[in-house]
Amino acid sequence: MTNQEITDILVHISQILDIQGENPFKTRAYLRAAQTISSLTFQLNSLENRKEIGKLPGIGSGIAKKIEELLETGKLGYYEDLKKSKYAPLTEFLKIPGIGPKHARLVHDKLGIKTVEELEKAAADGKLRVLPGLGEKAEKNILQGIQQMRKYKERFPLAFIYPRAMAILEDLKKLKEIKKITIAGSLRRMRDTIADADVLAVSDNPEKIMEAFINLPQVAQVVAHGHTKSSIVTKDRFQVDLRVVGAESFGAASHYFTGSKAHNIRIRSLGVDKGLKINEYGVFRKDKRIAGKTEEEVFSSVDLPYIPPELREDRGEIEAAQKGNLPSLVEARYIKGDLHVHTNWSDGNNTIEEMAMAARRKGYHYVAICDHASSMGIVHGLSAERVQRQIIEIRKVNKNFKNFRVLCGTEVDIKPDGELDLDSDTLRALDIVVAAVHSKFTQPEKEMTRRIVRAIENPSVHIIAHPTGRIIGKREPYEVDMDKVMDACKANGKILELNAYPERLDLSDIHCRKAKEKGIKIAISTDAHMTDHLEWISFGIATARRGWIEPKDVVNTMTLAKLLNYLRH
DNA sequence: GCCGTTTTCGGCCCGACTGTTTTCAGTCG
């Protein structure tokens with residue numbers, strides 16, 4: 001049983017208990033345990049890890065026992081019983097925005113409603129309005145919520161939301177009443193997918209801002225409209241929440257709205273321990289504000305150093321901060337080159353020279369041209385002979401540069417049996433060999449793992465590109481044992497790519513952290529197919545930061561000389 | 001259900017908005 005499966009079961013347990021009306025702190029305990037497990041960098045099902053379960057944060061003897069039962073037998077008696085509860089099917093209702101555990105239970109108990117379809121019909125027929133606490137408006141909202149759930153249930157890739165949220169920020173900035181404005185929420189934490197965009201502004205005239213916000217041209221629907229907080233859905237179908245506070249509260253509000261929720265709860269609990277109340281307006285002792293203007297003040301009020309947004313997931317960052325062990329995360333300024341870009345020699349849009357110029361404009365010291373070597377026609381993969389010609393061309397281009405180097409590389413296919421799509425003599429002639437799976441994604445885990453491990457063991461290979469093959473929102477990662485892949489990388493001194501292509505971000509943050517723990521080096525590369533794509537490096541850096549990656553963990557922070565030396569050895 | 005250099009019992013983060021209510025419960029983040 002995988003961590004993900006255990007997580008799903010714990011969440012489901014929490015939801016059923018919630019609907020049953022259990023003690024909310026108990027249901028939250030299950031959620032917290034689920035969150036802990038979902039962010040582990042190791043699988044619980046390996047034997048040596050099982051003893052540690054009870055020591056994990058938020059997992060005590062009760063839940064630890066349940067997890068052990070799941071690992072041991074693949075089933076959990078407690079959960080099997082819960083699933084028989086008449087309330088178990090109602091967890092589907094919780095996916096409907098505006099419906100929580102209380103209303104889910106209410107419509108079931110009073111009207112016998114068991115499915116979303118029945119709920120929709122009851123709302124349409126005006127049967128909900130007679131229930132205590134519900135009215136006509138609630139009926140309408142539930143109908144709307146059901147439609148919204150069906151339409152917008154997905155999360156959006158970070159790179160889809162990011163520019164659109166920035167555009168809204170720019171629009172709002174034009175208002176003279178706005179003194180400060182920033183993104184917050186999962187967008188600021190740079191999660192790989194985003195459900196909605198949070199924006200925070202400082203103003204003395206919040207109502208004016210609200211008015212302007214809900215009348216932006218991008219707005220398709222106004223979800224909520226209050227004095228200091230409003231929510232809209234854009235024509236691109238994602239929700240934006242805007243909150244306005246006073247300047248004295250900006251730090252506290254930034255911290256609060258950036259989250260994560262789990263991180264906030266921990267910080268506020270630390271505050272409670274010190275007799276402080278922390279909310280979005282500031283840090284208070286009794287009624288006296290003692291901090292809140294900056295995030296640094298908020299952290300410092302609970303004796304912590306500043307914690308970067310990307311780390312705020314309650315995945316150990318608070319403990320690390322308390323011990324003074326926070327990582328010094330990688331930043332854009334450390335990146336000295338891009339180790340995976342394409343040109344019009346294969347499926348890219350620009351020439352070698354154009355890509356090189358663009359990389360140099362970014363201040364890079366090098367760029368590796370890694371066009372496809374593939375028997376798949378669609379990418380115009382290079383044959384061995386064309387690789388030789390490209391090497392000559394790159395040498396020519398390099399004569400035009402000083403203090404900048406175009407590296408000869410390839411993105412060679414890993415065939416289903418683990419062989420590469422270029423001969424080893426050709427591969428040896430290159431500065432850098434990036435190998436990747438581009439076909440037969442559906443191999444069983446054992447075969448896929450063996451396939452990739454064979455490529456890692458191939459002495460010509462330096463880097464494994466987009467190691468899990470996921471396309472966010474479109475394709476699940478292929479079935480591969482990343483522990484074995486990483487162990488092979490460690491044993492053979494090979495590098496894993498963090499592909500910054502916005503729909504990939506592969507490695508994920510969790511895998512980055514695992515790689516770091518195992519001492520494996522990362523290459524943050526864009527896989528750019530045109531010059532503009534070089535900018536995507538920022539999404540890769542953000543994902544790396546979420547994985548606690550420091551400059552020393554990243555090969556493309558090395559100088560050219562060091563990098564070439566590293567690749568040769 | 002978890003957790004503890006104040007605690008092994010009694011706490012557990014905090015507030016805005018909505019809709020249905022006359023003071024609040026439910027939902028959300």
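Each chain gets a letter, A, B and so on, in the order the sequences are listed, and its residues count up from 1. The structure displayed is predicted, hence computed values, not measured ones.
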* **Side-chain donor/acceptor contact of Tyr256(A) with base of dG15(B) under 3.5 Å** => no
Name the closest nucleotide to the [X] side chain, picking from [options].
| X | options | answer |
| --- | --- | --- |
| Lys261(A) | dT20(B), dG29(B), dG1(B) | dG29(B) |
| Asn279(A) | dC14(B), dA16(B), dG1(B) | dC14(B) |
| Arg28(A) | dG1(B), dC13(B), dA16(B) | dC13(B) |
| Ala224(A) | dT27(B), dT18(B), dC2(B) | dT18(B) |
| Ala29(A) | dC14(B), dC2(B), dC17(B) | dC2(B) |
| Asn141(A) | dG19(B), dT27(B), dG15(B) | dG19(B) |
| Pro101(A) | dG19(B), dC13(B), dT27(B) | dT27(B) |
| His103(A) | dC2(B), dC13(B), dT27(B) | dT27(B) |
| Lys137(A) | dG15(B), dC13(B), dT20(B) | dT20(B) |
| Ser61(A) | dC2(B), dG29(B), dG1(B) | dC2(B) |

[N] and [M]: how far apart are their [atom1] atoms, nearest whole angstrom?
| N | M | atom1 | answer |
| --- | --- | --- | --- |
| dC17(B) | dT23(B) | C1' | 16 Å |
| dA16(B) | dG10(B) | P | 32 Å |
| dC2(B) | dC13(B) | C1' | 16 Å |
| dG4(B) | dT8(B) | P | 13 Å |
| dT5(B) | dG1(B) | C1' | 24 Å |
| dA25(B) | dT20(B) | C1' | 9 Å |

* Asked: OP1, OP2 of dC13(B) versus side-chain N and O of Ser269(A): anything below 4.0 Å?
  -> yes
* Asked: CD1 of Ile318(A) versus P of dC13(B): gap in Å, rounded?
  -> 12 Å
* To do: Find the distance Ile265(A):CD1 to dC28(B):P and express it as a whole number of Å.
  => 16 Å
* Asked: Going by the angle between their ring planes, with limits at 30° and 60°, are Phe539(A) and Tyr162(A) parallel, tilted or perpendicular?
  -> perpendicular
* Determine whether the aromatic ring centres of Tyr501(A) and His466(A) lie less than 6.0 Å apart. => no
* **Option from Glu313(A), Arg312(A), His255(A), Arg315(A) for which side-chain hydrogen bond (donor to acceptor under 3.5 Å, both in side chains) with His263(A) holds** => His255(A)
* Using Watson-Crick or G-U wobble geometry with both distances below 3.5 Å, tell me the partner of dT18(B), or none. => dA25(B)
* dT6(B): syn or anti, per glycosidic angle within 90° of 0 -> anti
